[in-house]
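So the structure is just underneath, and the comments pick up after that.
Since this is a predicted model, take the numbers as computed values, not measurements.
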Amino acid sequence: MSYKIDPNVLHGVAKQVANLQLGPGELITRAVELLNDEYPDLIDPAPGRWVGSKAGGILGKVRFLYFSPREYIVIFGTPTGTQGFSGRYKHVDVHKFLIAGRIDSYDLESDDTAPLPPLLPGDRTCLERGYARGLTIHPGSWHIEYGRGAVATTLPFAMVDTLLVSLEIESVRRSTVEFARLVRRRHRR
């Protein structure tokens, strides 16, 4: 099965951005520019609207850059920090490429009681299909997230906490609008 996005390219972008001495807003802008340079037919470089997201207790901001039935790219982060459950995706691998901050995690099922190595700026990790982690995302952490697989299967986890626990209908509405905008953009090309 072929995919349009190469995780190694995303890692290169994250490493390049992580080495810049910029504030979070500038880092994100630069990351989007570099992603658009690599994938001009896929990435939406227009200033996107941030959407609140709460999934698995992890509360943050997400900006959608690309969405298809088999792949997605978003920027996710939090200025104040958060922690919770990664989710367990049976049909999607979720890659994270940190551009600022720090993410600590641990495997939920292993016999190992030690945390995994911390994710630092320029680092990458992949939550493979079927696995789950506990996460602490430190204040000022921002990452490029890339999902590969049956993307629609991630949407219930991504939306249910926001809608049913937080009763945050506006964030779900905004997410739906952003998904629709990216799908329309993809079909126009």
Side-chain angles (χ1 to χ4, degrees), residues 5 7 9-11 13-15 17-18 22-36 39 42-68 71-89 92-105 116 118-127 132-149 151 153-163 166 168 170-172 174-179 181-182:
I5 306 294
V9 170
L10 301 181
H11 187 215
V13 167
K15 287 193 299 188
V17 171
L22 302 172
E26 296 164 309
L27 282 177
I28 292 164
T29 297
R30 186 66 184 133
V32 172
E33 290 169 353
L34 291 171
L35 290 169
N36 184 56
Y39 299 105
L42 302 180
I43 298 299
D44 183 0
R49 180 158 70 173
W50 288 100
V51 176
S53 172
K54 185 176 182 203
I58 296 173
L59 179 62
K61 297 172 69 152
V62 64
R63 179 172 166 199
F64 301 98
L65 301 176
Y66 174 68
F67 182 80
S68 78
E71 297 173 286
Y72 73 84
I73 297 177
V74 301
I75 303 282
F76 181 88
T78 170
T80 60
T82 188
Q83 63 182 4
F85 174 59
S86 66
R88 182 187 313 273
Y89 306 103
V92 178
D93 295 320
V94 178
H95 302 258
K96 293 184 187 313
F97 307 91
L98 198 65
I99 60 175
R102 176 184 172 132
I103 299 176
D104 294 322
S105 64
L116 295 168
L119 194 66
L120 300 172
D123 289 349
R124 72 190 281 180
T125 189
C126 179
L127 179 65
R133 294 181 184 158
L135 299 172
T136 297
I137 301 175
H138 292 260
S141 295
W142 301 93
H143 65 269
I144 300 165
E145 182 172 302
Y146 168 60
R148 174 183 273 189
V151 170
T153 64
T154 68
L155 296 178
F157 179 76
M159 301 264 191
V160 167
D161 201 352
T162 302
L163 183 60
S166 301
E168 178 37 16
E170 182 59 20
S171 289
V172 172
R174 287 181 182 187
S175 293
T176 304
V177 167
E178 290 297 309
F179 288 136
R181 183 180 61 78
L182 290 174

- Message: According to salt bridge (charged side-chain N to carboxylate O under 4.0 Å, His left out), who are the partners of Arg102, at least two apart in sequence or on a separate chain?
- Response: Asp104
- Message: Taking ring pair (Phe, Tyr, Trp, His ring centres under 6.0 Å) as the definition, give me every residue that meets it alongside His95, ordered by chain and number, with sequence neighbours left out.
- Response: Tyr146
- Thr82 meets the side-chain contact (heavy atoms from CB on, under 4.5 Å) criterion, sequence neighbours left out, with Ile58, Leu59, Thr78, Ile137
- Atom pair OG/CD1 of Ser86 and Ile103 - distance to nearest 0.5 Å: 11.0 Å
- Any donor-acceptor pair under 3.5 Å linking the side chain of His143 with the backbone of Arg124? no
- Query: For Arg63, what residues pass the side-chain hydrogen bond (donor to acceptor under 3.5 Å, both in side chains) criterion, not counting sequence neighbours?
  - Reply: none
- Side-chain heavy atoms of Leu10 within contact of Leu35, under 4.5 Å: yes
- side-chain hydrogen bond (donor to acceptor under 3.5 Å, both in side chains) against Glu26, all qualifying residues, sequence neighbours excluded: none
- Message: The criterion is salt bridge (charged side-chain N to carboxylate O under 4.0 Å, His left out); which residues satisfy it with Lys61, sequence neighbours excluded?
- Response: none
- Task: List the steps, then state whether side chain to side chain contact (heavy atoms under 4.5 Å, CB included) holds for Leu135 with Phe85.
- Result: CA-CA 6 Å; Leu135 299 172; Phe85 174 59; over 6 Å; no
- Identify the heavy atoms of Phe76 and Gly60 that sit nearest to each other, and give their distance. CZ-CA, 3.6 Å
- Message: Distance check, rounded to the nearest 0.5 Å: Arg30 atom CZ versus Ile99 atom CD1?
- Response: 12.0 Å
- Quick one: list whatever passes side-chain hydrogen bond (donor to acceptor under 3.5 Å, both in side chains) with Thr125, sequence neighbours left out. Arg133
- Item | Partner set under side-chain hydrogen bond (donor to acceptor under 3.5 Å, both in side chains) for Ser105, not counting sequence neighbours | none
- Quick one: list whatever passes salt bridge (charged side-chain N to carboxylate O under 4.0 Å, His left out) with Glu71, sequence neighbours left out. none
- Message: Please check this pair: side chain of Asn36 against backbone of Glu33, looking for a donor-acceptor N/O pair closer than 3.5 Å.
- Response: no
- Message: Which heavy atom of Leu127 sits nearest to which heavy atom of Gly87, and what is that distance?
- Response: CD2-O, 3.7 Å
- Task: Apply side chain to side chain contact (heavy atoms under 4.5 Å, CB included) to Val62 and Ile75, showing your working.
- Result: CA-CA 6 Å; Val62 64; Ile75 303 282; over 6 Å; no
- Can you list the residues that meet the ring pair (Phe, Tyr, Trp, His ring centres under 6.0 Å) rule with Tyr39, with sequence neighbours excluded? none
